[in-house]
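Both counts, for ligands and for their atoms, begin at 1 and track the order of listing. Keep in mind that what you see is a predicted model, and the values were worked out from it rather than measured.
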Amino acid sequence: MEDIYANVDYALIDEDRLQARIQEVADQITADYMGKDDLLLICVLKGGYMFLADLSRALKRPHTIDFMGVSSYGSGTQSSGAVQIIMDLKQPINGRNVLIVEDIIDSGHTLDYMRRTLLARNPASLRICSLLNKPSRREVDVAVEYIGFDIPDEFVVGYGLDFDELYRNLPFIAVLKPAVFAHLMS
Ligand code: IMP
Ligand code: MG
């Protein structure tokens with residue numbers, strides 16, 4: 001069996017910084033939704049699963065959770081721009097205060113599609129929380145109310161994010177060694 005750490009070049013965001021920032025974002029969300037008795041977190045699968053788990057634990061208020069699966073990258077590192085729901089929510093969201101929880105906003109196509117799709121279902125409010133943001137790669141303008149970290153234009157893995165479905169279980173945000181992508185260049 002392969003050691004997943006063997007292909008890591010360096011940690012872009014280590015575990016301590018990640019957890020400290022998640023607590024700050026959670027405290028901000030707790031404060032902003034004060035006085036509202038409903039909050040529904042919608043986790044974008046698969047990449048958002050680890051962030052959802054930690055953000056949910058860090059929130060000091062009641063909330064419910066649901067999951068939505070959307071198509072993401074294939075085995076490459078470029079978005080096709082075409083987004084598709086592959087698993088829908090279990091419940092209607094009309095009248096709910098909805099917060100979308102996503103791992104990263106890159107081109108913006110995924111969150112733009114999610115925002116439009118969920119708005120059409122008439123929630124009471126709709127906001128987005130993304131752990132990571134690559135501002136330099138944006139192709140569509142999307143309002144993201146909560147952002148953990150702005151990062152440079154590097155393909156990152158770990159903490160839910162994958163390359164070819166691997167590395168999601170790293171507890172930090174990492175950049176892989178260039179050799180890992182070598183087969184994509186040929
Ligand atoms: P967008 O639609 O281009 O904004 O891309 C959003 C989706 O692409 C995210 O939900 C991720 O699944 C994936 N993605 C974008 N950048 C990265 C990255 O650096 N590493 C891993 N997945 C990424
Ligand atoms: Mg994702």
**Prompt:** Considering only heavy atoms, does Leu161 approach ligand 1 within less than 4.0 Å through its side chain, its backbone, both, or neither?
**Reply:**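 The answer is the side chain of Leu161.
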**Asked** Is any NZ, NE, NH1 or NH2 atom of the basic residue among Asp103 and Lys46 found under 4.0 Å from an Asp or Glu carboxylate oxygen of the other?
**Response**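 Looking at Asp103 and Lys46, the cut-off is not met.
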**Prompt:** Any non-hydrogen atom of Gly108 lying under 4.0 Å from ligand 1?
**Reply:**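 It does, in that a heavy atom of Gly108 comes within the 4.0 Å cut-off of ligand 1.
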**Asked** Looking only at distance, does Val157 have an N or O less than 3.5 Å from an N or O of ligand 1?
**Response**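 For ligand 1, there is no N or O atom that lies under 3.5 Å from one belonging to Val157.
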**Asked** Lys134 heavy atoms, cut-off 4.0 Å: which ligand 1 atoms fall inside?
**Response**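 Those atoms are 16 (N), 17 (C), 18 (C), 19 (O).
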**Message:** Show me which atoms of ligand 1 lie under 4.0 Å from any heavy atom of Glu154.
**Reply:**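 Per the distance check, 19 (O).
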**Request:** Between Asp162, Leu45, Ile173, Val156, flag the one that comes closest to atom 20 (N) of ligand 1 by a heavy atom.
**Result:**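 Selected option, by shortest heavy-atom distance: Val156.
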**Asked** For ligand 1, is any non-hydrogen atom under 4.0 Å from Arg137's backbone (N, CA, C, O), its side chain (CB onward), both, or neither?
**Response**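 Neither; no heavy atom under 4.0 Å.
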**With sequence neighbours excluded, residues passing salt bridge (Lys or Arg N to Asp or Glu O under 4.0 Å) with Arg61** =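 Expected list: none.
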**Min side-chain heavy-atom separation Asp66-Ile93 under 4.5 Å** =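 No - every pair of side-chain heavy atoms lies 4.5 Å or more apart.
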**Prompt:** Distance under 6.0 Å and angle within 45° of the ring axis: does Arg127 meet both against Tyr33?
**Reply:**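 Positive - Arg127 is close enough to the ring of Tyr33 and near enough to its axis.
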**Asked** Below 4.0 angstrom, N of the basic side chain to O of the carboxylate: do Glu102 and Arg115 qualify?
**Response**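 Salt bridge absent between Glu102 and Arg115.
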**Prompt:** Quick one: do Arg121 and Asp88 make a salt bridge, cutoff under 4.0 Å?
**Reply:**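 Judged by the 4.0 Å cut-off on N to carboxylate O distance, Arg121 and Asp88 do form a salt bridge.
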